[in-house]
Amino acid sequence: IYDDKIIEFHKIRSGKGIETSYIGNVSTSKFNCTNNHTAFFSDKNILFLEKLSETITQNGSVPGIQIATRVSAIPPNRNWSGDIHLHIKTATEEMCNLTDNAIEYELELVKRGIKLSIESGFSTIQLHAAHGYLFASLLNRVVNKRMGKFSFGHLCWVKELSAYIQTLSSAATFDIRVNILDGLEEKTQEFEYKKQIIKELASSGLQKISLSNGFYDIDKELIYPHGTLFASENLTRASILAKGNPNTVFSIAGNILNVVSPHSKLPANLSIAIGRALIADPDAVVNFRAGKKAVCTLCDECHYYSHGREN
């Protein structure tokens, strides 16, 4: 459940040249959270959601919200990397055993979250379909061996959500966060089939596709790359996708600020998404445009995959 700290957090991390300021992820219910600190849609959180969208709007950014759902009995892997073969085996079994009715129930929860978000003032709705969440697994050909309407390559659920959003608000932007690479196959092979999936997503009623990489339970280095090599390769792949789908807006995340400058020439429909840099430095975008690097403000409150202040 939110408290007033979340308002202050986003108050100083919106505006300042940030086009869309996202909150999240927000889980569809308290039963689908990844940990005890994940916010979820509830009556107690609605007033905070309304205040968040109002605060972000007043600062000059578009209020966005990321909706996620994790449907799994497998405990989340807290280590930096995991056993890929074990994950594929267990995740595939779980995906195949999940009934159509169970997935349809989750879609109804997503719709409820979308409705509450739009009513709370959010104009960009992002579905989290990356990093191993339920909808990320549906988009992976290794894990998704299902038959029927939720089999791999069937995007009826994306079109259903897109149509639903339009019934609520024709001005709302439907954004989906997906992986370029999941990390389950060799990079070249995985990118080839992901290009096709993303092309199909671009024609499914989406206005925006936010790009990331990696499954949490396998290799967090793909999500939070330390160096610049993977980030640079990642930007190249994102540029290929943006150029191949010129009518869709894309964003790319994953340490991208360290491989671009304010003068970098990117496709017109490709923007940069930042997370950790903005958490560490609320003025990260302002500093980037001034040619400065983001620096940690040392508030001593962020320990997400860190080893304490000394690191």
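Basis for what follows: all heavy atoms, side chains included, without hydrogens, waters or symmetry-related copies. As the structure is a prediction and not an experimental result, all values here were calculated from the model. Heads up: numbering here begins at 1 and tracks the sequence.
For the pair Tyr105/Leu109, a side-chain contact is recorded, criterion being any heavy-atom separation below 4.5 Å from C-beta on. With a 4.5 Å cut-off on side-chain heavy atoms, Leu49 and Ile46 count as touching. Between Arg237 and Lys194, the closest side-chain pair of non-hydrogen atoms is not below 4.5 Å. Side-chain contact between Ser123 and Thr173 is absent, with no heavy atoms from C-beta onward closer than 4.5 Å. Between Lys115 and Leu168 there is a side-chain heavy-atom pair separated by less than 4.5 Å.
In the hydrophobic clustering of this structure, Ile176 does not group with Val249; members are Ile, Leu, Val, Met, Phe, Trp, Tyr whose side-chain heavy atoms approach within less than 4.5 Å, directly or through other members. A continuous path of ILVMFWY side-chain contacts below 4.5 Å connects Val71 to Phe41, so both sit in one hydrophobic cluster. When the side chains of ILVMFWY residues are joined at heavy-atom separations under 4.5 Å, either directly or via intervening members, Ile218 and Ile223 end up in two distinct hydrophobic clusters. Each of Tyr224 and Phe230 belongs to its own hydrophobic cluster when Ile, Leu, Val, Met, Phe, Trp and Tyr are linked at side-chain heavy-atom distances under 4.5 angstrom. Linking ILVMFWY residues whenever their side-chain heavy atoms come closer than 4.5 Å, directly or via other members, leaves Ile114 and Tyr22 in distinct clusters.
The pair Arg141-Glu185 meets the salt-bridge criterion, since a charged nitrogen lies less than 4.0 angstrom from a carboxylate oxygen. A salt bridge is absent between Asp4 and Lys51: the closest approach of a Lys/Arg side-chain nitrogen to an acidic carboxylate oxygen does not fall below 4.0 angstrom.
Counting only distance, with no hydrogens or angles, the side chain of Ser162 and the backbone of Val158 share no donor-acceptor pair below 3.5 Å. At distances below 3.5 Å, not a single donor-acceptor pair connects side-chain atoms of Lys208 with backbone N or O atoms of Thr248. In this structure, Arg177 contributes its side chain and Gln126 its backbone to no donor-acceptor pair below 3.5 Å. Put simply, the side chain of Ser117 gets close to the backbone of Gly113: a donor and an acceptor are under 3.5 Å apart. A donor-acceptor pair is defined here as one N or O able to donate and one able to accept, closer than 3.5 Å; such a pair exists between the side chain of Arg13 and the backbone of Phe9. Lys11 places no side-chain N or O within donor-acceptor distance of the main-chain N or O of Ile56, the cut-off being under 3.5 Å. Looking only at distances, a side-chain donor or acceptor of Asn255 sits under 3.5 Å from a matching main-chain atom of Pro225. Between the side chain of Ser151 and the backbone N or O of Gly148 there is at least one donor-acceptor pair closer than 3.5 Å. Under a 3.5 Å cut-off, the side chain of Ser170 and the backbone N or O of Gln166 do not form any donor-acceptor pair. The backbone N or O of Ala102 sits less than 3.5 Å from a side-chain atom of Thr99, completing a donor-acceptor pair.
Between the CD atom in Glu93 and the CG atom in Leu98 there is a gap of 13.5 Å [rounded to 0.5 Å]. In this structure, Asn59 CG and Ser14 OG are separated by 3.5 Å, a value rounded to the nearest 0.5 Å. Considering CD1 of Ile252 and CD1 of Ile209, their distance stands at 12.0 Å, rounded to 0.5 Å. Of the inter-residue distances, the one linking Ser204 atom OG with Leu155 atom CG reads 5.0 Å to the nearest 0.5 angstrom. Expressed to the nearest 0.5 Å, how far NE2 of His10 lies from CD1 of Ile18 amounts to 10.5 Å. The CG atom of Leu201 sits 6.0 Å away from atom CG of Leu206, with the distance rounded to the nearest 0.5 Å.
Pairing each heavy atom of Cys96 with each of Lys145, the nearest pair is SG-CB, 3.8 Å. When every heavy atom of Leu270 is checked against every heavy atom of Ser239, the shortest pair comes out as CD2-OG, 3.7 Å. Residues Gly214 and Leu222 approach most closely at CA-CB, 3.8 Å, considering heavy atoms. Across every non-hydrogen atom of Ser61 and Gly15, the tightest pair is OG-N, 2.6 Å. Smallest separation of non-hydrogen atoms from Pro63 and Gly121: CG-O, 3.5 Å. Closest heavy-atom contact between Ser232 and Val259: N-CG1, 4.0 Å.
His131 and Ser212 share a side-chain donor-acceptor pair at under 3.5 Å. No side-chain N or O of Ser81 forms a donor-acceptor pair with one of Glu221 less than 3.5 Å apart. Judged by distance alone, the side chains of Glu192 and Gln196 never bring a donor and an acceptor atom under 3.5 Å apart. Side chains of Asn179 and Asn213: no donor on one and acceptor on the other come within 3.5 Å. There is a side-chain donor-acceptor pair under 3.5 Å between Asn35 and Thr38.
A cation-pi geometry, defined here as NZ or CZ lying under 6.0 Å from the six-membered ring centre and within 45° of its normal, holds between Lys195 and Phe191.
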Go through Leu266 and Leu235 one step at a time and tell me if the side-chain contact (heavy atoms from CB on, under 4.5 Å) criterion holds. CA-CA 9 Å; Leu266 302 179; Leu235 180 60; 4.0 Å; yes
Show, in sequence, the C-alpha distance, side-chain angles and deciding distance for Thr57 and Phe122, and conclude whether the side-chain contact (heavy atoms from CB on, under 4.5 Å) test is met. CA-CA 9 Å; Thr57 301; Phe122 290 91; over 6 Å; no
Let's go through Asp175 and Ser210 carefully: what are the C-alpha distance in whole Å and the side-chain angles of both, what is the deciding distance for side chain to side chain donor-acceptor pair (under 3.5 Å) to 0.1 Å, and is it a yes or a no? CA-CA 7 Å; Asp175 175 13; Ser210 296; 3.0 Å; yes
Please report the C-alpha distance between Arg146 and Asp100 in whole Å, then the side-chain angles of each, then the deciding distance to 0.1 Å, and finally whether the side-chain contact (heavy atoms from CB on, under 4.5 Å) criterion is met. CA-CA 10 Å; Arg146 299 177 61 86; Asp100 284 358; 2.5 Å; yes
Carefully, step by step, assess Asp217 and Arg70 under the rule salt bridge (charged side-chain N to carboxylate O under 4.0 Å, His left out). CA-CA 12 Å; Asp217 289 347; Arg70 185 183 191 273; 3.8 Å; yes
Applying side-chain contact (heavy atoms from CB on, under 4.5 Å), run through Tyr2 and Ile7 and close with a yes or a no. CA-CA 9 Å; Tyr2 285 133; Ile7 307 297; over 6 Å; no
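Hydrophobic clustering, defined by side-chain heavy atoms of Ile, Leu, Val, Met, Phe, Trp and Tyr closer than 4.5 Å, groups Phe40 together with Ile1.
For Lys111, the side chain to side chain contact (heavy atoms under 4.5 Å, CB included) criterion is met by Glu108, Glu160, Leu161, Tyr164, not counting sequence neighbours. With sequence neighbours excluded, the residues that form a ring-ring contact (aromatic ring centres under 6.0 Å, His included) with Tyr193 are Phe152. Take Asn287 and apply the side-chain hydrogen bond (donor to acceptor under 3.5 Å, both in side chains) test, not counting sequence neighbours, and it matches Asp281. By the side chain to side chain contact (heavy atoms under 4.5 Å, CB included) test, Lys16 is found to be paired with Ile12, Pro282, Asp283, Val286, residues two or more places apart in sequence or in another chain being considered. With sequence neighbours excluded, the residues forming a side-chain hydrogen bond (donor to acceptor under 3.5 Å, both in side chains) with Thr28 are Asn32, Thr69, listed by chain and number.
The 12-atom threshold is not exceeded at CG of Asp43, counting heavy atoms of other residues, nucleotides or ligands nearer than 6.0 Å.
Between His128 and Tyr133, the ring planes are tilted. Angles from 30° to 60° get that label.
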